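Within every chain, numbering begins at 1; the chains are lettered A, B, ... in the order of the sequence lines, protein sequences first and strands thereafter. For the numbers below, each heavy atom of this structure counts, side chains included, while hydrogens, waters and symmetry mates do not. Please read these numbers as outputs of a predicted model, since none were measured by experiment.
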2 protein chains.
Amino acid sequence: MANEPPNPPQRRTGTATAADVARLAGVSVSTVSLALSGRGRVSEKTIRHVRSIAEQLGYVPNAQASSLRRQVTHRIALVVPDIGNPVYVAVAKAIQREAKQRGYYVLLISTDNVEGADVDALHLLRNGHVDGMVLIAIRPSGELERQLGRIHKPICVIGKVPGGLGVDHVEVNSTRGVGLAVEHLLEQGRSRLVFVNGPLDTNPARLRLQGYLEAARRAGLEERVVSCAFTLQGGYAAVDEVRARFPDADALVCANDLIGIGALKRLRELGVRVPEDVAVTGIDDIPECQICSPTLTSVALHAGERGRMAAQMLLNRLSGEAPAAPLRVVVEPSLVVRGSTGGRP
Amino acid sequence: MANEPPNPPQRRTGTATAADVARLAGVSVSTVSLALSGRGRVSEKTIRHVRSIAEQLGYVPNAQASSLRRQVTHRIALVVPDIGNPVYVAVAKAIQREAKQRGYYVLLISTDNVEGADVDALHLLRNGHVDGMVLIAIRPSGELERQLGRIHKPICVIGKVPGGLGVDHVEVNSTRGVGLAVEHLLEQGRSRLVFVNGPLDTNPARLRLQGYLEAARRAGLEERVVSCAFTLQGGYAAVDEVRARFPDADALVCANDLIGIGALKRLRELGVRVPEDVAVTGIDDIPECQICSPTLTSVALHAGERGRMAAQMLLNRLSGEAPAAPLRVVVEPSLVVRGSTGGRP
DNA sequence: AGGCGGTGCTCAATCGTTTTAGCATAGCCC
DNA sequence: GGGCTATGCTAAAACGATTGAGCACCGCCT
């Protein structure tokens, strides 16, 4: 009997590895790696040869192994409060586009109002599932801040960040945003404004309330505030509360567009004319503002743009192109007038 | 001078590893792994000890290394045509929830109408970034099918799959769905229907056209079809084409909700009353159907449910709980009557 | 001829975890 | 006391790529 061949075909169930390519090409594994990555000095001839064998075998370098060795995963995480909200879809889309362009994949986490889900998400960084993270956390949490301080991996927060916590972030002057809405309504001759806010345990709601209070004070208006969830249903239900508590209201300043659109729906059902009887404004300028009826005047907070910038800051850090100091970007809001306040419909 | 300690503290910049824990606990790395994972025979005492040291060091097992060794990443990919479309957001949300529940992370890819982006996404499986994939591809592509056939990793397709390609999939009878809409309009006394379809090079458009043609034939209707993009803008523009080619139309059967809502907007601008002058129906039953005006009658294709089932099929396969034969699930559509066809508004 | 530098490739260590095989030690029974 | 089985731990080999060090070899110069 002949000797066993030293390297039997060894039909693997899985994919070809660099070792398989090396064997067939008659070179070492190192050469395969160097040839395909183009990182070392390898002759043109060998490169072509290895490449052709690799192609023939359908060889693709294993990302796990590569990641382990190079300590880089080429993945980032995006943590949003609720992917069902079009605002965060805009952010996700922008980030995904930016990441793809630079060779990164995006892991999406929607915390869906679950207590502590944002803190849990930081595990992705700890255990090395991802290289960095864009985090949108709307509920202030001491625990989250503490953990943020401990982690020494690139993170970019979209939203307010307590000073001293040296982390990159991009924020928007939403306080000023509410001011824009209020001023617009005053110009339109409204004077009995009600602010329909989101849950007060969230950052956006606090900042926006502050904006309303400042603007109301400046204008000498009575302070009228109602609170509900940041959802269509919230806005829908809030209308009834407004009518009970402030029957003479002639304008609703809603803390986001979902509330505004929900309110529009309820007002229509009640036969209240918008904008004739009551004007309505929203915040965020989601695409839905253009399809509801009447179209919703809103304050654009440029979510897509913020997502894009956050992604860029994060990716720059990952490629070491960023300065050591934590970066901060502030975006300015802008008013978009539509039918619900008497603009062109 | 005393000897150097055999194991200097060795301040790592990164995270603690199992070796660090082992050193401090005075046991071997194997024991650390076995103690923390609870897979081997380790005494209670040792387990407690190792656990406390690990906690103290903030040790978290590295996912890369673990994945490499165990050949499992605990990640799946979700590939959708456009995350900007609320239908796919519903799918994403359902899948993310299901995945999280079973300890998996979701990598999101939006192909955004880029040629070949779906085929590219399969690389995620090849290179081991993820264990499995849920794929929604709406543009039929020989290349995609060929690649799908080659890959021997769990995939679940949402949508039509050519027979013989033995891959798990969940589909919806959208042909029948269009039939439901047509029948509803006929019952409402409409007779001059126009089908506003999406791009004919997509699967959904073909299937829905077929549904319209069958229903029209059954009812003895003239075949009237217009085509546009599956977007708000598409529907908006399509109205003008309809009015030019079929001025007497009394109903628009739209191939998805975005088209329908876009059409509503244009009709309103033109002073055409809905549903009095023209009735409109959509398909998908996205949440926006309830906020536009009038509310849009639609055919629910249960996107969230399909996503949930796809995720379950995929995750079952990954945990080896699935039978060898490829699975197929079919979801039935259901009509949701609203204001745009004269239902309660 | 000897030395030197460059080229092209390989060796072997490394990343951090999991897991199999195996080695002590202790306890038990007769 | 001798054999036998559990028990509790460790050594070492994976997983698959990357990479710094190093080894042949060739050509060139003096």
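What you find for A/A117 and A/T111 is that their closest heavy atoms are CB-CB, 3.7 Å.
Contact between the side-chain N/O atoms of A/Y59 and the OP1/OP2 oxygens of D/dA17 is found at a separation under 4.0 Å. For B/Q71 and D/dG16, the shortest distance from a side-chain N or O to OP1 or OP2 is below 4.0 Å. Contact annotation: B/R69 does not reach the phosphate of C/dG16 (side-chain N/O to OP1 or OP2, under 4.0 Å).
When each of B/L148, B/I158, B/V161, B/L78 is paired with B/L135, the side chain to side chain contact (heavy atoms under 4.5 Å, CB included) condition holds for B/L148 and for no other.
The overall bend of the helix from C/dA1-D/dT30 to C/dC30-D/dG1, read as the angle between its terminal helix axes built from five base pairs each, is 60° when rounded to 10 degrees.
Regarding B/L68, its CG atom lies at a distance of 9 Å from the P atom of D/dC15, rounded to whole Å. In this structure, B/R48 places its CZ atom 15 Å from C1' of D/dG8, rounding to the nearest Å. Spacing between atom CZ of B/R70 and atom P of C/dT17 amounts to 13 Å, rounded to whole angstrom units. Rounded to a whole Å, the CZ atom of B/R126 is 18 Å from the C1' atom of D/dG16. What separates CZ of A/R39 from C1' of D/dG20 is a distance of 14 Å, to the nearest Å. As rounded to whole Å, 14 Å separates atom P of D/dT10 from atom CZ of B/R23. For A/H129 and C/dT17, the NE2 to P distance is 13 Å, given to the nearest whole Å. When the P atom of C/dT14 is taken as reference, atom CG of B/N62 falls 17 Å away, rounded to whole Å.
Ring orientation note: the planes of A/Y105 and B/H129 are nearly perpendicular, at an angle over 60° on the 30°/60° scale.
Using a 4.0 Å heavy-atom cutoff across all strands shown, B/S33 reaches at least one base atom of the nucleic acid.
In this structure, a donor-acceptor pair under 3.5 Å is present between the side chains of B/Q147 and B/R126. Between the side chains of A/N316 and A/R102, at least one donor N or O lies within less than 3.5 Å of an accepting N or O. A donor and an acceptor atom, one from each side chain of B/S43 and B/T46, are located under 3.5 Å apart.
A 6.0 Å sphere centred on NE2 of A/H123 holds no more than 12 heavy atoms belonging to other residues, nucleotides or ligands.
A donor and an acceptor atom sit less than 3.5 Å apart, one in the side chain of B/S30 and one in the base of D/dA12.
In this structure, A/D82 pairs ionically with B/K93, as a charged nitrogen and a carboxylate oxygen lie closer than 4.0 Å.
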Problem set entry | Working for salt bridge (Lys or Arg N to Asp or Glu O under 4.0 Å), residues B/E55 and B/R51 | CA-CA 6 Å; B/E55 199 155 329; B/R51 213 174 256 163; over 6 Å; no
Please list each protein N or O that sits under 3.5 Å from an N or O in nucleotides 6-9 of chain C, with the distance.
| residue | atom | partner | partner atom | Å |
| --- | --- | --- | --- | --- |
| C/dC9 | OP1 | A/S43 | OG | 3.4 |
| C/dC9 | OP1 | A/T46 | OG1 | 2.3 |
| C/dC9 | OP2 | A/S43 | N | 2.9 |
| C/dC9 | OP2 | A/S43 | OG | 3.4 |
| C/dC9 | OP2 | A/T46 | OG1 | 3.2 |

